[in-house]
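Every chain is numbered from 1, with letters handed out A, B, ... down the list of sequences.
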There are 2 protein chains.
Amino acid sequence: MRGVQTDEPVTILTVAREAGVSKTTASDALRGSGRVSEATRAAVAQVAERLGYVPNGSARHLRRASTGTIGLHVPEVLTRSSYYMSFVFGAVERAARHDYDVTLITSGQRRPRPPRVDGLVLGDPLGGDPVVESLMGTGLPTVSCERFPGDRQADGVVWSEHAEMLTRLLGHLRSSGAARPALIVAGDESDWAASLHRGYLGWCAGQGVAPLVRRVSFDATGDEVRAAARDLLRSSPLDALVCAPAGAATEVAPLLRESGGDVLLASCVDSAATRLADPPITAIDLRPREAGESCAELLFELLAGAAPAGTERLHPIELAVRASTRRVGI
Amino acid sequence: MRGVQTDEPVTILTVAREAGVSKTTASDALRGSGRVSEATRAAVAQVAERLGYVPNGSARHLRRASTGTIGLHVPEVLTRSSYYMSFVFGAVERAARHDYDVTLITSGQRRPRPPRVDGLVLGDPLGGDPVVESLMGTGLPTVSCERFPGDRQADGVVWSEHAEMLTRLLGHLRSSGAARPALIVAGDESDWAASLHRGYLGWCAGQGVAPLVRRVSFDATGDEVRAAARDLLRSSPLDALVCAPAGAATEVAPLLRESGGDVLLASCVDSAATRLADPPITAIDLRPREAGESCAELLFELLAGAAPAGTERLHPIELAVRASTRRVGI
DNA sequence: AACCTTTGCCGGAACGTTCCGGCATCTGAA
DNA sequence: TTCAGATGCCGGAACGTTCCGGCAAAGGTT
């Protein structure tokens with residue numbers, strides 16, 4: 001603790017005075033704009049570093065007529081799935097790095113007029129969601145995680161190869177002895193669920209097996225998922241079950257164990273719950289934090305003009321194979 | 001969508017002009033400061049509402065010489081425990097309501113000088129943590145969640161009756177047939193763990209049973225916790241186990257099941273994992289989101305002078321009794 | 001009627017930044 | 001030698017808000 005330095009805040013004027021230049025030159029030197037000699041630039045930079053100068057974000061945003069805030073919409077209650085928690089965290093962290101604030105927009109709250117933000121990130125926009133529709137209509141730069149199932153598309157899209165990853169998962173199940181894996185998945189209002197459904201049907205067609213699907217709502221409760229699973233258990237002998245909705249796999253795990261049928265179980269969304277389940281459940285790791293970061297990053301590039309409207313960016317996901325899909329002795 | 005209104009931003013000048021008053025009067029009317037007649041105040045408010053006036057946060061913070069940001073420190077990796085996720089979310093939401101940003105400060109990053117914030121929230125400050133020590137030394141208004149185990153104390157403290165709640169939990173275990181519940185808990189560098197330990201020893205003394213404790217580190221890994229549990233299983237016949245660290249209970253659950261000893265299990269931190277475990281694990285719900293909100297709220301009251309330095313505020317927590325501690329037939 | 005106090009309202013300055021335009025000085029070609 | 005252009009630097013205005021001080025009118029007291 002080398003002396004309290006609560007004297008007065010060090011502004012760009014302090015830096016300029018100390019470096020013996022004008023505030024304009026100091027500003028130009030630090031930001032790389034204007035015409036400044038290399039010597040001056042270095043000198044100013046050194047003084048700024050020495051004094052610990054940090055630009056005042058409020059003043060900067062005021063001058064630039066930017067709000068310093070981006071809006072972030074996620075469809076459902078955050079607490080339900082840890083996916084969105086991580087997603088938001090990633091976006092917030094990335095925004096902070098750009099000196100930006102994040103305002104959370106939930107589907108519940110009324111939206112009388114466009115929020116005061118410079119841009120929007122939409123996590124898993126659902127087709128038909130009126131809040132999403134109105135946000136898309138603001139004309140603000142927008143990035144969506146997964147495509148918007150509506151007519152119009154966001155300026156930037158971060159997406160993952162869900163269908164391909166599900167195909168890999170199904171292949172793994174087959175090699176573990178499952179002849180006809182079933183799927184519990186949400187409806188096509190979300191691009192993510194639609195991709196999974198499509199991928200599943202494609203795989204079934206390729207393998208020549210009959211599809212075995214039950215649809216549930218996007219934010220299905222445990223009861224709803226369990227009902228679907230029971231329905232599957234009743235209708236046909238089940239050798240493997242893939243649950244798409246977050247948390248669904250852990251909800252049905254006890255049910256499968258009770259049924260005693262030795263059913264392989266996998267989830268399309270990884271989480272602490274699937275990792276810690278007994279046995280641990282094979283799952284697709286969507287890497288939500290990185291997805292949030294990627295969305296925010298793309299939005300800032302759009303805002304800066306560094307990326308053109310219509311940019312699409314692939315977000316890599318991973319398959320985590322665990323005990324729930326490993327046959328003993330294979 | 002009643003006409004795009006992307007003309008020009010509506011500032012306080014717009015409101016003032018429209019209401020036929022000066023900007024000063026408009027400002028005073030909207031904020032309740034200065035001397036304004038009730039009629040004028042109402043008129044201005046109505047105009048502001050009609051035009052959809054939203055004060056420019058950057059300008060406000062610039063003028064007020066506030067940063068519009070509070071710092072938030074949490075001890076460990078966020079992803080590990082959902083507790084801190086929720087905690088941070090609560091604080092962020094509350095800060096947004098006050099038009100404030102939140103900067104996350106992790107113990108990892110270097111802190112060469114005090115961050116540009118108006119105040120600090122410290123979640124579970126650990127005694128001896130150099131980052132926490134330096135943050136406490138900045139002189140900034142500070143609120144801590146749980147007391148700081150060091151010499152100095154934060155300006156505001158939000159705390160919960162952990163010892164009392166553990167006492168209730170132990171009583172419940174006893175009424176479920178456990179004669180001598182054991183405890184796995186972290187060391188006294190965190191006030192939370194220290195309180196639990198104290199509460200446990202107190203209960204044991206009151207009941208006349210010998211304490212059975214194993215200490216682990218604050219951010220204990222699954223292996224570390226399992227080693228402690230195995231040690232307990234070996235040393236004496238175990239009828240009940242209370243795990244303090246977040247996630248610890250779910251980590252040891254499979255171990256206890258294998259041991260076959262029909263051990264009651266409870267956690268001092270609730271989470272999705274404990275709720276969804278099989279069987280669901282009895283846990284203390286720390287209501288982390290509300291804790292984060294409460295901390296942020298107290299900090300803003302301190303900043304506004306509405307609460308005096310040294311304010312302590314009780315955060316209520318709850319006990320969620322589940323199947324893991326219910327004997328069949330009782 | 002002369003004075004003081006209160007009430008209601010207002011103009012201007014300031015917060016720290018960016019950016020437009022402008023003014024010297026230097027370079028090199030005519 | 002002169003002049004055009006490039007280079008390096010700078011002053012002042014502006015962003016939208018709050019707040020200090022002030023001014024006129026209304027109300028109350030002697």
All ring pair (Phe, Tyr, Trp, His ring centres under 6.0 Å) counterparts of A:Tyr100, not counting sequence neighbours: A:His61, A:Phe300

Partners passing side-chain hydrogen bond (donor to acceptor under 3.5 Å, both in side chains) against A:Ser27 (at least two apart in sequence or in another chain): A:Arg31

Partners meeting side-chain hydrogen bond (donor to acceptor under 3.5 Å, both in side chains) with A:Arg64 (sequence neighbours left out): none

Contact check, side chains of B:Ile317 and B:Glu161, non-hydrogen atoms, under 4.5 Å: no

Protein-to-nucleotide contact annotation, 5' to 3' order, nucleotides 20-27 of chain D [B base; S sugar-phosphate only; - none; under 4.0 Å, heavy atom]: B-B-----

Residue that, paired with B:Phe148, satisfies side chain to side chain contact (heavy atoms under 4.5 Å, CB included) out of B:Asp191, B:Leu126, B:Val132, B:Asp124: B:Val132

Pairs where residues 299-308 of chain A contributes a residue and the test salt bridge (charged side-chain N to carboxylate O under 4.0 Å, His left out) is met, not counting sequence neighbours: A:Glu301-A:Arg313

Minimum-distance nucleotide (side-chain atoms of A:Arg63 versus C:dC10, D:dG16, C:dG16): C:dG16

Selected nucleotide, minimal atom distance to B:Val36 side chain, candidates D:dG16, C:dC9, C:dG16: C:dC9

Candidates C:dT18, C:dG11, D:dT17 - which lies nearest the side chain of B:Ser22: C:dG11

Axis bend over the full length of the helix from C:dA1-D:dT30 to C:dA30-D:dT1, computed from five pairs that close each end, to 10 degrees: 50°

Proximal nucleotide (of D:dG8, D:dT17, D:dC15) relative to the A:Thr40 side chain: D:dG8

Side-chain ion pair, A:Arg147 and A:Glu312, N-O less than 4.0 Å: yes

Minimum-distance nucleotide (side-chain atoms of A:Val21 versus D:dC10, D:dT17, D:dG16): D:dC10

Closest nucleotide among C:dG12, C:dG16, D:dC10 to the B:Lys23 side chain: C:dG12

Nearest-nucleotide comparison on DNA chain C, the residue closer to the 5′ end among A:Ser58 and B:Ser37: B:Ser37

